[in-house]
Amino acid sequence: MNPPKKEEHKDPTANNGSVNGMPITSTFGKTKTKKVFIETYGCQMNLADSETMGGLLAEDGYQSAESMEDADIILINTCAVREKAEERVFGRLTHLQPLKKKNPDLVLGITGCMAEHLREKIAERAPDVDIIVGPDAYRRLPDLLGDKSSGKNMDALIDVKLDKAETYEGIPVKRRPGITSHISVQRGCDKFCTFCIVPFTRGRERGVSPEEVLKQAHQSVALGFKELMLLGQTVNSYTHHDENGKLTDFSDLLNMLVEIEGIERIRFTSPYPTDFNAKLIATMASHKKICKYLHLPAQSGSNRMLGLMRRQYTREEFDTLVGDIRTAMPNIAMSTDIIVGYPGESEDDFEATVDLLKTTRFDFGYLFKYSERSQTFAARNVEDDIPEALKKARLKKIIEVQEAICGEVFPAMIGQTVEVLVERDSKRNARQWVGKTDGFKACVFDKKDNGVGPGSLVKVLVKNATSHTLIGEQI
Ligand code: 5AD
């Protein structure tokens, strides 16, 4: 039921362990012989951040490594949203020990949210780690790497200073080749949901200037990207004021981006429910290029839990919003995030969430067990009192509920014609293409000798479906 890229009900923070040997070649004349490899875990914003780091390092003359074995510097860009995500990185570090033994000069860095969250604790648990760099300190990466490589400092270098003005403007981002260009339009988060570590790891919310977003969008088109994925923790709360005080809101930003020729589709993630307004719904509805798909995190269907989590809406308000969105865009696809086992969750609260899934009928769901994160309001003030076995049982139950819904929603599309943006060969069958529908559903179809390939936007008649994939025929 999960959209691709995030494997089925596995922790999506795994990002499929996606390894990106990014092309890092200097365009600025400085050349270094050192090669860097960046491995990314976590959300799409981490993917974008890795591309920013790649750009910064290329600017400083670093080369890209094809593999970890080939690298002088390995950076692991991490996630802290659940404990499992952090444990996975510690596991990865154990795995990398032999490389460090073989090459004592290898510089190993932890970047991103886990660096910000655990800081020196990382070096205590994983003494091989040389540098620890938080999400707002990437501009100083070249200096930190220089210091480390010079061998001056035996201890791990730590730079986790948050900077409420940092939006990484002006960096020549090194994008991984592909169909979708990820552009961070907003950094940080001001919502402070009680369970969530992001405000502590990524700092305060700030919008990237529209000029920078437009510049990155134009560069993406020039590089051959067809789709933009605009990223922000609560992306639809985006605002930016220029020096004359002129306000650009998220709808304004979308209205500017749709004008760019060569961009076939625009997506964004993740919106926050109460940051929707009529203008944004109308903007989405009025432009074909803006995909009719929304990932709308609900977290719970129980008003009591929503209150305890300090979400800023009630179940009724959430339902009304979904209704308004569906009225404006009847065929819109939707997904959500749910947390089960938040402290104090009763059987009735849990059933309210089951009811939310059953009544809303999301096209997919990202379903999680509550994981206590230090620093958050919940960790400081409430006991993590739902036994692990009960959390697991509740997770299993909602997975079954959502799975059953997916098992109806996907096959219900049989007979429809969908527009698919082709991404690549299907992993299962190289004689088939795979791409996404406007509604973010994976769709596979047989190749024909007709010039279609990655980046083509084609019409496909849906002939069959599993609960995760549409199977069609190009028409
Ligand atoms: N425990 C479990 N899930 C969490 N999420 C955020 N924080 C936690 C936590 N402490 C989930 C939320 C969020 C998604 C990105 O991760 O559902 O929307």
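Ligands are counted one by one from 1 in listed order, and the atoms in each one are counted from 1 as well.
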- Would you verify whether the NZ or CZ of R310 falls within 45 degrees of the ring axis of F377 while also being under 6.0 Å from that six-membered ring's centre? yes
- Query: Using 4.0 Å as the upper bound for N to carboxylate O, is an ion pair formed by K397 and E351?
  - Reply: yes
- Using the salt bridge (Lys or Arg N to Asp or Glu O under 4.0 Å) rule, take D163 and R206 through it: C-alpha gap first, then chi angles, then the decisive distance, then the call. CA-CA 10 Å; D163 176 352; R206 62 218 103 124; 6.0 Å; no
- Query: Salt bridge or not for R125 and E87, using N-O below 4.0 Å?
  - Reply: yes
- List for me each residue that meets side-chain hydrogen bond (donor to acceptor under 3.5 Å, both in side chains) alongside Y370, sequence neighbours excluded, and say none if there are none. none
- Task: Identify, chain by chain and in numerical order, each protein residue with a heavy atom under 4.0 Å from an atom of ligand 1.
- Result: V81, R82, F195, Q299, D337, I339, F368, K369, Y370, S371, R373
- Under 4.0 Å between a Lys/Arg side-chain N and an Asp/Glu carboxylate O for E423 and K436? yes
